[in-house]
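Contents: one structure, followed by commentary.
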Number of protein chains: 2
Amino acid sequence: MAGYDPSAFPAVAVTVDLVVLTVRNGALCVLVVRRGEDPFAGREALPGGFVRPDEDLLAAAARELAEETGLAPGTAHLEQLASYGAPDRDPRMRVVTVAHLALVADPPDPQAGTDAAAARWAPVDEVLPGLAFDHDRVLRDGVDRARAKLEYTALAASFCRAGFTVAELRRVYEAVWGRPLDPRNFHRKVTSAAGFLEATGETTTRDGGRPAQLYRRGPATLLHPPLLRADS
Amino acid sequence: MAGYDPSAFPAVAVTVDLVVLTVRNGALCVLVVRRGEDPFAGREALPGGFVRPDEDLLAAAARELAEETGLAPGTAHLEQLASYGAPDRDPRMRVVTVAHLALVADPPDPQAGTDAAAARWAPVDEVLPGLAFDHDRVLRDGVDRARAKLEYTALAASFCRAGFTVAELRRVYEAVWGRPLDPRNFHRKVTSAAGFLEATGETTTRDGGRPAQLYRRGPATLLHPPLLRADS
DNA sequence: GGATGTTGTCGTCGGACTGACGATAAGCGT
DNA sequence: ACGCTTATCGTCAGTCCGACGACAACATCC
């Protein structure tokens with residue numbers, strides 16, 4: 001950070017890209033948009049856009065997320081993922097992108113969006129590999145982060161609507177980790193982790209069978225003890 | 001990522017900043033440089049610099065690390081930490097910085113460096129708070145990352161020279177976590193974690209007392225089982 | 001050379017947690 | 001009433017953990 005002359009350095013464009021994940025009927029899905037222009041015209045890519053002059057990085061990501069999904073800001077979990085800046089990652093010019101990871105519950109089908117007419121929720125395995133730019137890598141990093149975070153944080157509840165059952169939460173874990181879990185052990189661990197779940201007192205039979213307790217997410221953000229996946 | 005006109009967006013400068021950590025006589029230390037110019041003239045800051053036109057982000061960080069510490073490239077662990085881009089974080093212009101975290105063992109005292117004449121290794125608690133720009137935040141995030149990564153990765157060995165003892169490794173954990181550990185339990189866990197340590201067969205008495213086995217780091221990068229700190 | 005101190009290494013023990021299950025509860029449709 | 005489905009509670013053996021005791025192998029000082 002010694003003295004510098006800004007004009008001596010080439011213009012760099014800074015964008016935010018979004019890895020927006022959700023769980024839809026048992027599959028981990030990501031929001032992708034089909035590109036209309038070169039480069040990579042016709043290919044699918046992660047949504048994203050430029051950071052505006054007076055906007056913080058996270059604010060830019062939140063704005064893009066709202067634009068792209070139609071969800072009210074603050075509804076979803078959003079965190080910075082990583083930055084990607086290989087010199088040739090965009091053939092037009094030097095673009096450094098700050099990727100963000102978003103987890104949303106129950107998203108509406110994208111269609112009313114402004115220029116997001118070509119957006120869709122796609123199972124992760126379906127679009128991988130094949131995304132534009134270095135977005136395969138970005139998506140993989142995002143999925144890895146989500147998998148890891150489910151282990152030791154209460155983040156999985158971000159994939160669930162307000163009142164959810166233990167079984168619904170379990171299906172989230174199974175979709176993200178891609179592995180079946182024992183319902184009885186999962187129930188024990190999740191209900192005994194302090195601050196993870198709060199019972200609402202209501203029940204539902206929307207999954208059939210015996211009525212299940214409805215929960216909302218508790219105050220805890222870190223899980224003690226963590227919910228480890230078996231060593232794979 | 002819809003169509004865009006690069007000239008419609010203001011120039012953004014992209015830099016890399018470095019959180020370089022090491023352990024020196026029981027204290028977690030960070031490399032800081034004293035600024036000679038405004039803004040923040042006279043204050044200490046994390047080392048960093050511009051990303052060059054044809055340089056990847058990690059490559060820029062590696063170059064800065066070599067320049068600043070005099071260490072041969074590839075000697076230390078280096079990973080991306082996070083990006084910081086608040087619009088007013090640098091009063092001169094819009095600067096987005098991609099912070100990186102480096103862990104080094106046994107660093108030389110900085111002095112021969114080019115413009116790093118004012119660089120020093122300072123205990124983390126000594127410089128915090130008080131760094132220039134948003135570097136307090138960056139340093140805190142780096143320390144948090146290091147603390148977390150010691151739990152479930154074999155990264156602590158990056159703080160040790162080639163042949164190290166279990167006690168030296170333990171002192172690394174104690175310095176980073178700021179908490180004493182039981183030598184006997186630590187020894188058991190660390191030597192039974194598959195792939196973490198490889199005995200060299202040699203011994204040393206450099207810490208006094210009974211001669212201790214010398215180890216080099218094993219092939220494992222993730223620890224099974226993890227080395228959890230007690231719930232705090 | 002023996003006492004003493006220092007550090008490294010191995011064991012033991014009770015408690016907590018885990019995965020693999022069995023058993024029971026409480027709805028639904030027929 | 002009967003079976004089907006899902007939820008929830010228990011049991012049991014194995015594993016891991018922290019707290020600690022015991023011993024081993026050096027250096028130093030008398």
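- Atom CG in Asp207(B) sits about 11 Å away from atom P in dT9(C), given to the nearest Å.
- Asn185(B) comes within 4.0 angstrom of a nucleotide base, judged by non-hydrogen atoms across all strands.
- Sequence order on DNA chain C of the closest nucleotides to Thr205(A) and Ser192(A) puts Ser192(A) first from the 5' end.
- For Arg184(B), the listed nucleotide lying nearest its side chain is dC20(D); candidates were dT8(D), dC20(D), dG19(C).
- The side chain of Lys189(B) sits closest to dG18(D) out of dA25(D), dG8(C), dG18(D).
- Side-chain atoms of Val166(B) lie closest to dT9(C) of the nucleotides dA26(C), dT9(C), dT11(D).
- Atom P of nucleotide dT6(D) and atom CD of Gln213(A) are separated by 19 Å, given to the nearest angstrom.
- Look at CG on Leu228(A): it is 14 Å from C1' on dA16(C), rounded to the nearest Å.
- Candidate nucleotides dG27(C), dT7(C), dC21(C) were compared by shortest atom distance to the side chain of Asp182(A), and dC21(C) ranks first.
- Considering only the side chain of Arg188(B), dA19(D) comes nearest among dA19(D), dT7(C), dA7(D).
- Across all strands, Arg206(A) comes closer than 4.0 Å to no nucleic acid atom at all (heavy-atom distances).
- Between Leu181(A) atom CG and dC21(C) atom P there is a gap of 15 Å when expressed in whole angstrom units.
- Regarding Glu168(A), its CD atom lies at a distance of 11 Å from the P atom of dT8(D), rounded to whole Å.
- When the C1' atom of dT6(D) is taken as reference, atom CG of Leu214(A) falls 14 Å away, rounded to whole Å.
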Please lay out, stage by stage, how Arg217(B) and Ser158(B) fare under the test side chain to side chain donor-acceptor pair (under 3.5 Å).
-> CA-CA 8 Å; Arg217(B) 60 178 306 178; Ser158(B) 297; 3.2 Å; yes
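- Between the base of dG27(C) and the side chain of Arg210(A) there is no donor-acceptor pair shorter than 3.5 Å.
- At least one side-chain heavy atom of Leu128(A) sits under 4.5 Å from a side-chain heavy atom of Arg140(A).
- Arg170(B) has a side-chain polar atom (N or O) that falls below the 4.0 Å cut-off from OP1 or OP2 of dG8(C).
- Checking the phosphate oxygens (OP1, OP2) of dT8(D), a side-chain nitrogen or oxygen of His187(A) falls inside 4.0 Å.
- Put simply, CD on Glu202(A) is 15 Å from P on dG27(C), counting in whole angstrom units.
- Tested against Leu21(B) for a side chain to side chain contact (heavy atoms under 4.5 Å, CB included), the candidates Val176(B), Leu103(B), Val104(B) yield a single pass: Leu103(B).
- Comparing dA7(D), dT9(C), dC26(D) by their nearest atom to the side chain of Ala212(A) picks out dA7(D).
- Put simply, the residue from Glu68(B), His100(B), His135(B) that forms a side chain to side chain contact (heavy atoms under 4.5 Å, CB included) with Leu46(B) is His135(B).
- A straight line from CG of Leu223(B) to P of dC16(D) spans 14 Å, rounded to a whole angstrom.
- Evaluated for a side chain to side chain contact (heavy atoms under 4.5 Å, CB included) with Asp17(B), the options Leu81(B), Thr97(B), Leu139(B) yield exactly one hit, Thr97(B).
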